[in-house]
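Numbers restart at 1 for each chain; the letters A, B, ... are given by sequence-line order, proteins then strands.
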Amino acid sequence: MRYIILPRRQHPTAMLRFTFRFLLLLSLPLIRGLHYIRTPSGLAPWLRGVWLDLTVILILIVFPYIHWRRHTYCLTDTAFELHHGLFLRRTITIPRRHVTTLTVERPLYLRIFRAARIIIDTEAGDRYRADLTLTVSEKHAREIFCERQHRNHRARYHYRPNGYRVVILSLLVSDTLSGIVLLVSAFHQTGRLLGEHYQEQVLGNIEAVADYMHILPRTTAFIALALLLGWGVAAIRSLLRHLPFESTRYHNLLSVRTGALVRRDYLCTVSAVNYVDDRQTLFCKLFRLHIIFIHCIGYGKKRHSLSLLVPASNAEHSSQAVHGLLPEFQLSEATVRPSGRSLMRYIFIPLLSIILLFPLSVVCSTLFPAWTELIRHLTVIAFIPCVWFLLVRIVDRYTAGIAWQHGFVTLRYSRQFTLHTVIIPKKKIIACRVRQSPFQRRKNVGDLLIYTHSEDTRRHRIKNIRMTDLQRFLKETAN
Amino acid sequence: MEYVYPDKRVQVCWSVYVALTSVFFVLLSGFFFALSSLPRGIALAFTVAWSAGYVFLLTVYFPLRRRRLRYRIDGDSINVISGVYFRNSRRFSYDAIRHFIVFDGPLERLFGIRYVLLCATGGRLILEGLTPEQADTLTRRVV
C-alpha cells in the first residue's frame, strides 16, 4: 500500500458540522434563561446556576474539537480511508475502484474559510446519505479531485450549453410544491422577524393581485397565484443550482461542473452510469425539447438537485451532446411496441379519475355545504392535471416500446407526467419481471418491469406488450 | 476452508454492553417503587420482567448466539451462518462489496477483537469478534 495523501486532519471548519449533534444541549441554558427572565428577582438565581450554561458552552467547544482531532483521512493507491472516534474507533475504507461519484462542493460559507466538502459515494450504503463526507481545505480538495481526474489523461469532449437552455430546464422541471413550502416558511420566518403588520401587508398585496384576475373566481385566483409563486421560486432555486453548467468527458470519467452560489464539481465513473434518461413533458414534446439525465449513484443525490447531463435542447443538439459525452450509450428505435388494443390499459386510470372527479365533488359539497364554493374551485383545479395525465398517457400509448441492440436496452414509457426514453446497459439490469392481470392473460399480453442497479428500487415499466415479444426479449437479453 | 468461530470474548463484550443498558431499567424501577400512587405489585412485576429478560439474554441467548455464529472466508466470497431462532446462511461475494467499516470499542480493544461491517450492493453484513489479523486479511482481500 502506497500513500498518495498521508493521513491528515480535516479543515477546522469541520468542527461546525460536529457541533450540530450537540446543538440540542443549547436548549438547557435557553429554557433556564426563559424561566428566570419572567421572574422580577430572577437575576440572582440565574447567576447561581450559570455554571450549567458554561458547562454546555464548554461541551459545545471541547467535544467537537476532540471529535475533529480524532478525524484523520488519507488516500492510498487503492482506497480512501477515514479514521475517527474516541471510544468507538472506526475506520471507513472505500476502495477507489468502487467510487461511483466524487463530488467537491463549495458552499459560500466554506469558501470564506477557503474550505470545500468532498463527498464520495459507492453503489452500497444509504439512499439519502453519501458514504463519506470530508471537509478539507480548497487546496487539498483540488489535490484529491485532480489526482482522480489526471489518471484519466486528456479531455475527450467538452460540453457547455448556453444559459437559456438551463433557464428553460429550470422552468420545466421546477418542483412547485417545494417552492410553495419554501415560500411559506420564508414568509413565516420574515413575519416573525418583522411583525404581523408585515405579514398582513404582504397578504393584502397578494389578494389585490388576485382581484386583478377578473376571469377567475377569487379563491381560484388566489390558489393559482400561490402555485405560480411557488413555481417561480422553485425555478429560481433550480437555476441557481444548475447555472452555469458544463460537462467534460475524460477517458473513463465524466466531469460535471454546476452551480453559482454553491459550486459543485462531480466526477462520475462512466462504468457506474446505470442508465441515460431522456425526459420529456408534454410541453417538451410540443416544442420538441429533450432534457437528458443520467443515473449514476452519488450524482444528484442531494435534495432538489438533478442528475443532469444535457439541459433543455432540441433532438439534434441533445443527441450530439450525449454522443460526445457518453458515446457508449446507443439509442435504438423501438422494435417491440404495445399490442394494438392497448389504449384502454393506458388511459384507464386518468379517465377514471376524470369521471369520478365530478361525482366526488357533488358528494363532498353535500357533506360539507359550507365549503361548496371551495370544493367547486378545487374540482376545476384538479380537472387540469387529470386531463394533462390523460394526454400524457395517450402520447405514451403511441410512443412506448422496447429495443435491444449491442448490449443496450432502450425503453420508452411514461411515469406520472413525464415521458421517458431510457438507455440501459444490459449489465446494469438486475432483474426483469413480467406481470399479467387476469384481463391481460385473456389477451395474452403483459407488463414488463425492468429493475436496474440502484441504492433503492429503480424500476421501469412498459405496459401491454405481447407475451411472444416479451419472451423473445427475455430470451435474447438473457444471453 | 473451515468455518471460523468468533472469539469467545465477544460474548463478554455483548454482556457488558447489555448490562450497561440495565442502568436505565434500574432507575426506572427505583422511580416506580418511589411513586406512592403506583401499586408496589406493578413496580415489582416490572422489575422481575426486565430482570428475567436480562438473565435470559446473558445465560441463554448470548451463549447460543455466539455458538451458532461462524464465518468462512473463501477466495471469492464470505459465508456467514448465524441466528438463534431462525438459522441464516448468507454469502457475499467480494465483487459485491463496495466499502467497509472496521470498528472497535474500549472493551474490544482490551480483548483484541474487532467488528467489520461490509457494505455491498443490496445489503450489509456485520462480522463480529474477528481478531485483528482476520480483519486485516479480510479487508485486504476486499480492497
Side-chain angles (χ1 to χ4, degrees), chain A residues 1-4 70 73-102 119-127 129-133 269 271-272 274 295-298 427-431 451-458, chain B residues 10 12-14 16-21 23 73 76-78 80 90-143:
Chain A
M1 185 178 72
R2 187 172 61 86
Y3 279 112
I4 290 166
R70 299 292 312 172
Y73 71 92
C74 65
L75 176 63
T76 68
D77 53 349
T78 52
F80 288 94
E81 278 181 24
L82 175 73
H83 305 265
H84 67 113
L86 182 65
F87 295 110
L88 186 69
R89 284 189 200 158
R90 277 164 284 188
T91 304
I92 303 173
T93 310
I94 299 185
R96 292 175 68 155
R97 67 197 161 97
H98 291 318
V99 173
T100 53
T101 308
L102 186 143
I119 301 162
I120 296 167
D121 233 308
T122 66
E123 281 181 340
D126 200 290
R127 179 186 164 185
R129 262 185 6 178
D131 296 326
L132 190 69
T133 307
T269 313
S271 56
N274 296 320
H295 182 248
C296 181
I297 292 161
K427 61 182 177 186
K428 296 289 180 187
I429 295 174
I430 50 172
Y451 295 80
T452 48
H453 269 249
S454 172
E455 283 173 312
D456 54 332
T457 313
R458 262 317 140 109
Chain B
V10 75
V12 181
C13 294
W14 297 339
V16 171
Y17 290 136
V18 161
L20 283 174
T21 61
V23 174
I73 299 167
D76 61 340
S77 64
I78 301 158
V80 179
R90 280 171 291 176
R91 182 179 171 275
F92 266 51
S93 80
Y94 291 125
D95 287 343
I97 297 164
R98 292 295 181 255
H99 64 269
F100 56 86
I101 304 169
V102 181
F103 58 98
D104 49 26
L107 267 181
E108 286 82 3
R109 281 198 289 281
L110 188 74
F111 295 143
I113 52 174
R114 281 178 187 174
Y115 296 89
V116 179
L117 174 71
L118 300 168
C119 302
T121 48
R124 286 169 172 216
L125 186 70
I126 187 159
L127 305 179
E128 294 165 283
L130 296 182
T131 61
E133 294 77 35
Q134 285 172 329
D136 281 348
T137 315
L138 174 69
T139 53
R140 233 178 292 127
R141 277 195 189 175
V142 174
V143 172

Those residues of residues 98-111 of chain B, ordered by number, that approach chain A below 4.5 Å (heavy atom to heavy atom):
B:Arg98, B:His99, B:Phe100, B:Ile101, B:Val102, B:Phe103, B:Asp104, B:Gly105, B:Pro106, B:Arg109
Closest-packed option against chain B by number of heavy-atom pairs under 4.5 Å, given A:Arg89, A:Arg90, A:Glu123, A:His453
A:Arg89
Quick check on A:Leu86 against chain B: is it the side chain, the backbone, both or neither that has a heavy atom closer than 4.5 Å?
backbone
Greatest number of non-hydrogen atom pairs under 4.5 angstrom with chain B, of A:Asp131, A:Thr100, A:Ile94, falls to A:Asp131
Quick one: what part of A:Asp121 sits under 4.5 Å from any heavy atom of chain B, side chain, backbone, both or neither?
neither
When A:Leu88, A:Thr122, A:Ile92, A:Thr91 are compared by non-hydrogen pairs under 4.5 Å with chain B, the top option:
A:Thr91
d(A:Glu455 CD, B:Cys119 SG) to nearest 0.5 Å is 10.5 Å
Tell me the salt bridge (Lys or Arg N to Asp or Glu O under 4.0 Å) pairs involving residues 118-135 of chain B, sequence neighbours left out?
B:Arg65-B:Glu128
B:Ile97 versus chain A, the contacting section by heavy-atom distance below 4.5 Å:
backbone
Apply the test side chain to side chain contact (heavy atoms under 4.5 Å, CB included) to residues B:Val143 and A:Thr93: give CA-CA distance (whole Å), side-chain angles for both, the deciding distance (0.1 Å), then the verdict.
CA-CA 8 Å; B:Val143 172; A:Thr93 310; 4.0 Å; yes
Does atom CZ of B:Arg141 have more than 12 heavy-atom neighbours, drawn from other residues, nucleotides or ligands, at distances under 6.0 Å?
yes
